[in-house]
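Have a look at the structure below, then the notes.
We use all heavy atoms of the structure for the numbers below, so side chains are in, but hydrogens, waters and symmetry mates are not. Chain naming here is simple, since letters A, B, ... match the order of the sequence lines and numbering starts at 1 in each.
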Amino acid sequence: MILEVNELTKHFGGLKAVNGVDLRVEQGSIHSIIGPNGAGKTTLFNLITGSIPPMSGTVLFDGRDITGWPPERLARGGVARTFQRTSIFMDLPVLENVALAIRSREGCSASLWQSHQHEDEAADEARGILASVGLRGREDAKAGMLAHGYQRALDIAIGLALKPRLILMDEPLAGMSRGDRETIAALITMLRETMGLTIIVVEHDVGMVMRLSDRITVMQHGTVIADAPPDEIRGNEAVRQAYLHGSFAQ
Amino acid sequence: MIATTLSERRVRSRGGLVGLAVIAATGLCLPFASAGQPFLLMLASHALIAAILALSLDMLTGNTGLLSFGHAAWYGFGAYVAGLLSKSVSSDIAVLILLTLAATLLVSGAVGAILVRQVGKTFAILTLALSQIMFALVFVFSDITGGEDGLQGIPMATFFGAQIVSPATWYAILLGALLLALAGALHIRHAPLGRAWLAIRENSERARFIGMNVTLLKLISYMISASLASLAGLLFVLFNGATSPDLLHWLESGKVLMYVVLGGVGTIFGPVIGAVVFTLAEHYVSSFTDAWLIYFGALFVLIVIVAPGGLFGGAARIATRLSARKPGRRAAQ
Amino acid sequence: MLALSLVLNGIVLGSVLLLFSLGLTLIYGVGRIVNFAHGALFSAGAMAGVWLVASGVPFGVALVVAPVAVGLIGVLIDWAILARIRDRPMVDSLLLTFGLALLITGILYELGGRNVQIMPVPQVLGGVISLGGISLPTYRVFVSVLAIALTIALILFLKNSKWGLRVRAANDDPEMGACIGIDRERLMHSVVGVSAALAAASGVAAAPIFTAHAVVGDKILILAFMTVILGGLGSLRGAVVAAYAVGLILVFGEGYFGGQLALMLLFIVVMAMLINWPRGFFGEGRTE
């Protein structure tokens with residue numbers, strides 16, 4: 001297990017956003033978390049990625065306790081994330097977006113000097129990563145000028161530059177055209193196949209999740225109501241009930 | 001591919017070098033133009049100090065987006081610390097620079113560690129408060145700072161035993177200091193540190209999630225900015241031979257802000273030009289009316305409303321837009 | 001005895017500070033503007049009050065006329081200047097009010113603000129009130145009562161009037177306010193006007209204690225900034241508690257360490273507070 005979440009809990013006032021959640025994510029799998037609006041998916045995501053501290057419970061990454069680690073420490077420790085509302089450096093060139101992450105990974109963000117050789121190595125690595133997410137030839141464009149789908153791919157590329165072992169994606173398909181959704185889904189599968197990455201996806205698009213995932217966790221009212229491979233989830237009565245009563249996109 | 005990066009970098013640094021050369025040439029010509037007009041050289045020297053001060057604020061605001069409304073705090077800090085040290089420890093300028101910078105780094109590090117954790121508005125308010133505290137401190141310790149009368153009787157600065165006397169020498173020192181500071185700022189802008197700052201300025205949340213220690217990087221920016229402002233204060237007090245609490249007043253902070261806003265935040269050269277233009281304008285305006293603060297305030301308000309990117313910033317933006325239209329630049333995409 | 005006397009003086013200062021900070025909180029809550037010019041409006045009120053009294057206007061009338069005049073100037077400032085940058089980034093509003101502070105201060109200098117002007121304490125309010133060995137000038141008691149009364153009146157007005165409802169709606173969520181059909185422009189004009197009038201009222205009321213000149217508002221502005229940070233930016237009840245905390249810290253600091261060091265003590269308290277409670281006493285300050 002690369003990620004083990006035990007009894008994780010976070011309440012906001014009286015709202016039990018996440019209540020005693022357990023989660024096991026297997027190394028090298030695509031693991032999706034779904035559920036109706038307000039099920040606690042996003043809170044769980046933010047708890048794991050260090051955006052907010054949990055009230056109780058633990059998060060183990062590769063057997064190491066990472067509960068409550070701040071984002072910058074997680075990023076350096078091999079856990080990357082992408083954002084629902086694409087979060088990139090809009091005013092900077094595409095290549096620089098990725099190069100920033102590479103330098104950060106190497107711990108030289110605060111350096112006053114960088115050799116030409118080192119800069120070129122970083123640029124080459126960045127080009128390689130950009131090519132792998134389908135952004136070859138767009139290195140010099142300003143990130144903000146890219147089309148929406150390409151920006152999402154750049155968001156993922158920035159995450160990849162950290163050489164993570166686990167990458168968490170917050171609704172990677174949200175607000176995308178059908179074509180872009182297919183492209184990003186194919187990209188996610190490719191990352192697992194060729195890089196052996198473990199990927200956790202929080203998603204609304206249930207159809208795509210069924211095709212994409214090795215395992216699915218379904219949440220409702222802050223708790224896990226099902227955790228199984230896609231085929232079993234499809235026939236699960238509790239899940240069907242949750243979907244009927246919750247307002248669900250698909 | 002590699003060639004692109006290198007040539008791009010050469011182009012980028014060439015722009016900076018041209019700017020540096022222009023300022024150096026203009027600066028070097030002035031003493032000849034002002035021969036027989038000692039006052040002009042004096043005014044130019046003050047403009048150079050203002051330029052260093054403007055650059056110091058741009059090192060903070062232009063790089064990380066943190067806006068300081070009390071930057072005079074560090075200007076005055078440097079002036080008082082250097083002034084007091086030169087009266088008590090040594091009048092050697094090298095020693096004074098070392099000691100003053102050490103003191104500034106220490107204090108700005110401690111204060112900055114708390115300040116840079118605050119978001120925009122709280123940061124702005126606290127910087128103003130800090131300058132008022134420094135202002136108040138001058139009066140608390142008025143038996144050594146001279147209080148209202150200011151710090152007087154500062155010995156003439158020396159450099160390895162030789163006294164720095166002539167206005168021309170001072171002018172050369174100030175010009176050299178400005179050019180060095182500019183070169184440093186340009187270098188950092190293209191170094192990993194400067195590029196990390198720009199990333200933070202643009203999207204600090206994403207910067208955290210790629211593992212940058214945003215607080216530390218902001219603190220470095222704050223400390224560099226405070227140190228450069230403090231250096232400007234040191235140069236001022238040694239050049240001027242005295243200092244007054246006015247140096248720490250919020251009107252002074254307002255002037256520094258004006259230099260940067262007038263010149264365009266983050267443009268490095270803009271604030272320097274803004275400082276020089278403003279210092280000259282202030283001199284000539286205040287020579288025929290003592291209500292210059294009204295003109296200053298009105299201009300400040302007008303610029304924020306009409307040209308938030310600064311006068312020179314606006315010009316630079318237009319220049320960038322024009323050059324972006326040239327066909328060759330787009331080919332890469 | 002000294003301690004009790006300091007407590008009373010702390011309450012006096014806290015009350016003036018409260019009245020002054022309310023305007024700052026109000027304008028922040030509705031417009032998300034940190035008004036650096038608030039101190040200059042305090043000075044304007046104080047100078048206007050002194051000028052009115054010196055021209056033979058009774059103190060009680062000056063106490064009403066000066067704030068109304070400055071309030072109208074506030075409306076004018078909002079209409080002519082602040083309205084130009086409504087949808088700009090936060091930085092612009094900070095710079096703009098800072099520029100306004102310079103401009104107003106410059107004007108006050110030219111209107112005689114370079115010299116300290118004394119406001120005589122009105123005769124009815126002269127003298128000293130003694131209570132069990134502690135004496136406090138009657139005028140200070142009057143200022144505190146006035147400030148507290150005005151504060152209560154404003155809070156009641158915010159709670160019960162239509163205007164108050166709009167202010168509170170915009171305070172909670174500016175965009176939501178627009179959704180329920182609030183004319184934002186007119187609301188902002190009125191809020192800036194009321195805020196300026198409050199600053200001027202505290203300026204006139206405090207003039208017999210603080211005197212009047214172009215930068216008399218500088219120090220109280222810093223104190224008010226410390227107040228709103230301690231209380232949490234935009235938090236009304238936070239401001240109430242923090243105003244008295246700042247008043248007491250300052251007066252005790254002055255009593256035991258001397259005038260200017262008290263300000264430093266206050267700054268250290270605020271910085272220490274920010275480490276643990278960045279959102280103020282009630283944790284409801286905004287942090288955008």
Original post:
Would the number of heavy atoms belonging to other residues, nucleotides or ligands and lying under 6.0 Å from CE of C:Met273 be above 12?
Top reply: yes
Subject >> Derivation and outcome, side chain to side chain contact (heavy atoms under 4.5 Å, CB included), residues C:Leu95 and B:Phe300 >> reply: CA-CA 8 Å; C:Leu95 286 170; B:Phe300 200 124; 4.2 Å; yes
Subject >> Residue-level contacts of residues 107-115 of chain C with chain B, using a heavy-atom cutoff under 4.5 Å >> reply: C:Ile107, C:Tyr109, C:Glu110, C:Arg114
**OP:** Without swapping roles, check the side chain of C:Arg84 against the backbone of B:Leu302 for a donor-acceptor pair under 3.5 Å.
**Re:** no
Original post:
Should the heavy atoms of other residues, nucleotides or ligands under 6.0 Å from CZ of B:Phe139 be counted, would the total exceed 12?
Top reply: yes
Subject >> pair B:Leu126-C:Met226: side-chain heavy atoms closer than 4.5 Å >> reply: yes
Subject >> chain C contact via B:Leu128 - side chain, backbone, both or neither, heavy atoms under 4.5 Å >> reply: both
Original post:
Measuring heavy-atom distances to chain B, does C:Leu94 have an atom under 4.5 Å in its side chain, in its backbone, in both, or in neither?
Top reply: both
Original post:
By a 4.5 Å heavy-atom criterion (distance strictly below it), what part of B:Phe296 contacts chain C: side chain, backbone, both, or neither?
Top reply: side chain
Original post:
C:Val34 versus chain B, heavy atoms under 4.5 Å apart: side chain, backbone, both or neither?
Top reply: side chain
Original post:
Top residue by heavy-atom pair count (under 4.5 Å) with chain C, among B:Gln132, B:Met258, B:Arg117?
Top reply: B:Gln132
Original post:
What part of B:Val138 lies closer than 4.5 angstrom to a heavy atom of chain C: side chain, backbone, both or neither?
Top reply: neither
Original post:
Looking at side-chain heavy atoms only, is the closest gap between C:Ile229 and B:Gln118 below 4.5 Å?
Top reply: no
Original post:
With only heavy atoms counted, which part of C:Ala101 is less than 4.5 Å from chain B, the side chain, the backbone, both or neither?
Top reply: both
Original post:
Looking at C:Val270, C:Leu274, C:Leu223, which has the largest count of heavy-atom pairs under 4.5 Å with chain B?
Top reply: C:Leu274
Original post:
Should the heavy atoms of other residues, nucleotides or ligands under 6.0 Å from CH2 of B:Trp292 be counted, would the total exceed 12?
Top reply: yes
Subject >> Option in C:Asp218, C:Thr105, C:Asp92 with maximal non-hydrogen atom pairs under 4.5 Å from chain B >> reply: C:Asp218
Subject >> B:Ile305 side, atom CD1; C:Arg88 side, atom CZ - distance, nearest 0.5 Å >> reply: 7.5 Å
**OP:** Quick one: pull up CZ in C:Phe267 and CG in B:Leu130 and give me the separation to the nearest 0.5 Å.
**Re:** 4.5 Å
Original post:
If you round to the nearest 0.5 Å, how far is CD1 of B:Ile125 from CD1 of C:Ile222?
Top reply: 9.0 Å
Original post:
To the nearest 0.5 Å, how far apart are CE in B:Met134 and CG in C:Leu263?
Top reply: 12.5 Å
**OP:** For the pair B:Trp250 and C:Phe98, evaluate side chain to side chain contact (heavy atoms under 4.5 Å, CB included) and give the outcome as yes or no after the intermediate values.
**Re:** CA-CA 10 Å; B:Trp250 64 273; C:Phe98 194 84; 4.0 Å; yes
Original post:
When rounded to the nearest 0.5 angstrom, what distance separates CG in C:Leu261 from CG in B:Leu137?
Top reply: 7.0 Å
Original post:
When you measure from the side chain of B:Lys121 to the backbone N and O of C:Arg32, does any donor-acceptor pair fall under 3.5 Å?
Top reply: yes
